[in-house]
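Here is the structure we will look at, set down as structure tokens.
Just so you know, these numbers use all the heavy atoms, side chains as well, and skip hydrogens, waters and symmetry mates.
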Amino acid sequence: MEHSAAILAALRQRDAAVQPLLRAAQTWKTLTDADRERQNVCDELRALITLRREENRQFSLRISQIQQSDEDARLHLQVAQAEREIAELNEELYSLYAVSNDGEIAFRKELSAKKEHLASVLEQIAQGQAHASELEKACVQLDAERDKYEVQHATMKEEHEAMQNSYLKSERELRALRTENEELITRILSLKQQQVELMNESNARATREKAAELKSDLLDASLDVDVPAVVISRVPECHLHSWEAHLGEVMDLCALGGGVASASQDKRVKLWDPSGKCMLTLTGHTMGVTRLSPAPAGSLLASCSFDRSVQIWSATTGRSLHHLNGHTDKVHSVVFGLDSVHVYSTSQDHTLKSWDASRGVFEASVVCSSTAIDLARTGTALLGAHHDRHLRLWDPRTRSIEHDMTTAHSLPLMGLAVTADSAYCVVTSRDSTASIVDLRMMETVAVWSSMELRLCPQFARPSISPDDRYVALGTETGQLHFWDLLGSKPEKILKADRETGPIFCCAWTRGYEVVTAGTDKMLRVWGCRV
């Protein structure tokens, strides 16, 4: 009985010992919140297992003692049952221990992964906060710049509105000024036209009075003195005949004896009789010949060329007497002096040079402020038509300018012709107008312009009749205009039967015939049919 009581007591102690294990197992199953509590439970389990192992060892010793004492069979059965229960409890304990170890390892791994993820998240949060701080600073700067730009925009808008108002005001003032300017120009042109008409009427009246006085004087003188016949010029009525004269454009014509001399771009000068027969061909220039000038007395002829030279020819033999070099650019014009000894030339090099035609030597040079396009003799002086629209009267003895006047033209001058008495000159310009200048007063007395008077822009050289009464002008359309020297309208406009090219130059050969030439390389004779 004592042994049974001891066994029962041992069983109760086992049950009492097993109960904490069961509670600890249940506590371990519910442990998920923190690693520290799980560790504590594990430590308790290890302590309880160690204690239980010790008790089982002691219990096994006691059972061995009880078995040795051969107690009651019932006790053996109870002991066997108790052993089975102990074995089941041990198995359950071992399974709980294994489960707790596996759970602890998994929990530790999961906790480590969570800690790493948490550290990564914290790092990302720190980076995001830093980026957010930078963005906040940038936003502050952008707000400040936006405020600044808004202020500037408002200022520029106000300035733009002010400038627009000023522009509109200026535009209104400009329109008013333009209207006023147009009105003033209209009034000025009207006054100029009235002035020109009055001047032309006054000159025509003075001319008529002068002609009447001259006629009366001649009539009185004819009673006592034998008066040579005076050539009375007539305006040609039609185109008589023409012939092909040169291989290039004809640049100039001049009356020579009873015929005419022509200068051309084909580098030749030709002398023609009144019937159109070529008497002489003068060769020696290496480029186009631009101007001719016969000597007032004798049989000399001067020519100038784009080859920068002047040549003196014998008009009877066609021989070149002197080749004068000295200009550095193309020569525009040449003219003999009144003494038939001195020759004067003008060039693109802005110089006016004088030469001794009898000896063929250079004498002097004068620098011009503007190129003299054409040159004419007025008594002992020289008259130059310049590119700057000025007429300049030169004294060749002192090599100085006696008079300098601005013409009424708006573009450079092209041609020049002087009356035999050196009282008037005709000036042509690239503005397609011609003007009459009183050389005694050095003032413009008439300006010729019309819709049909379209002068050639390259050359337009007028010619005055031998009695100083009429002026012949060729046009770009091939027309030949005749004007009364002091008139305001053309006396007659002639046109060839067939199409002709622009007319560069013309020359009165006799009082009733005019020869013209130009781009068509032909010479045309205009006159009156018998």
Side-chain angles (χ1 to χ4, degrees), residues 184-185 187-214 333 335 346 352 368-396 398 400-450 453 455 460-465 467-473 481 483-491:
L184 289 174
I185 290 174
R187 290 174 58 189
I188 290 171
L189 291 177
S190 177
L191 291 173
K192 282 189 175 182
Q193 184 63 30
Q194 294 176 6
Q195 183 181 5
V196 168
E197 291 176 357
L198 291 174
M199 190 179 298
N200 290 338
E201 291 177 2
S202 176
N203 290 327
R205 185 168 56 253
T207 302
R208 287 193 295 269
E209 293 175 355
K210 182 180 178 182
E213 292 177 359
L214 181 60
S333 185
V335 64
T346 60
L352 188 156
C368 306
S369 59
S370 175
T371 301
I373 303 300
D374 205 357
L375 200 62
R377 181 180 61 252
T378 60
T380 59
L382 299 174
L383 183 66
H386 292 257
H387 189 271
D388 61 0
R389 301 180 291 115
H390 282 238
L391 281 178
R392 294 181 173 90
L393 194 62
W394 297 83
D395 185 345
T398 61
S400 62
I401 299 174
E402 292 184 350
H403 295 284
D404 187 343
M405 69 164 286
T406 304
T407 61
H409 299 285
S410 59
L411 291 177
L413 308 182
M414 291 191 297
L416 187 64
V418 178
T419 58
D421 60 1
S422 300
Y424 297 94
C425 74
V426 182
V427 183
T428 58
S429 168
R430 289 184 182 175
D431 60 9
S432 279
T433 63
S435 63
I436 306 299
V437 177
D438 187 337
L439 296 178
R440 296 162 298 185
M441 304 297 294
M442 290 304 289
E443 62 180 14
T444 301
V445 296
V447 177
W448 297 340
S449 64
S450 68
L453 186 63
L455 302 179
R461 287 167 174 163
S463 179
I464 301 176
S465 64
D467 61 356
D468 292 342
R469 184 177 178 184
Y470 299 109
V471 177
L473 274 174
H481 289 226
W483 298 69
D484 189 293
L485 181 64
L486 298 177
S488 58
K489 295 181 180 179
E491 293 285 326

Any side-chain heavy-atom pair from L485 and Y470 closer than 4.5 angstrom?
-> no
Can you tell if the side chain of W448 reaches within under 4.5 Å of the side chain of K489, non-hydrogen atoms only?
-> no
Are T346 and W394 side-chain neighbours, meaning at least one heavy-atom pair lies under 4.5 Å?
-> no
Side-chain H-bond candidate by donor/acceptor type, D374 with S333, under 3.5 Å = yes
Mind listing the closest non-hydrogen atom pair of R392 and I401 along with its distance?
-> CD-CD1, 3.9 Å
Here the pair of heavy atoms bringing L416 nearest to L383 is CD2-O, 3.3 Å
Distance in Å, H387 NE2 paired with T371 OG1, rounded so as to fall on 0.5 Å steps | 7.0 Å
Backbone N or O of G415 within a donor-acceptor pair of the T428 side chain at under 3.5 Å?
-> yes
Give a yes or no on whether the backbone of H386 and the side-chain of S370 come within a donor-acceptor separation of less than 3.5 Å.
-> no
Atom of R389, atom of T407 and distance for their closest heavy-atom approach = O-OG1, 2.7 Å
Taking all non-hydrogen atoms of both residues, which atom of G379 and which atom of S422 are closest, and how far apart?
-> N-OG, 3.2 Å
Can you tell if the side chain of L375 reaches within under 4.5 Å of the side chain of L352, non-hydrogen atoms only?
-> yes
Quick one: do Y424 and V471 satisfy side chain to side chain contact (heavy atoms under 4.5 Å, CB included)? Show the steps, please.
-> CA-CA 11 Å; Y424 297 94; V471 177; over 6 Å; no
Would you please test L391 and L413 for side chain to side chain contact (heavy atoms under 4.5 Å, CB included) and show each step?
-> CA-CA 9 Å; L391 281 178; L413 308 182; 4.2 Å; yes
Counting distance only, does the side-chain N/O of T419 pair as donor-acceptor with the main-chain N or O of D468 below 3.5 Å?
-> no
Can you find a pair of side-chain heavy atoms, one from I464 and one from V426, that are under 4.5 Å apart?
-> yes
Determine whether T433 and H409 make a side-chain contact, defined as any pair of heavy atoms from C-beta on separated by less than 4.5 Å.
-> yes
Nearest heavy atoms of A408 and T444, plus distance in Å | N-OG1, 4.2 Å
CZ of R377 to CG of L382: how many Å apart, nearest 0.5 Å?
-> 9.0 Å
Just how far is it from atom CZ of R430 to atom CG of L411, taken to the nearest 0.5 Å?
-> 8.0 Å
Would you say M441 has more than 12 foreign heavy atoms packed within less than 6.0 Å of its CE?
-> no
Do H390 and S369 come close enough that some side-chain heavy atom pair is under 4.5 Å?
-> no
Least distance between heavy atoms, D438 atom then A423 atom = OD1-O, 3.5 Å
Within-4.5 Å side-chain heavy-atom neighbours: V418 and T378 | yes
What is the distance from atom CD1 of I436 to atom SG of C425, rounded to the nearest 0.5 Å?
-> 7.5 Å
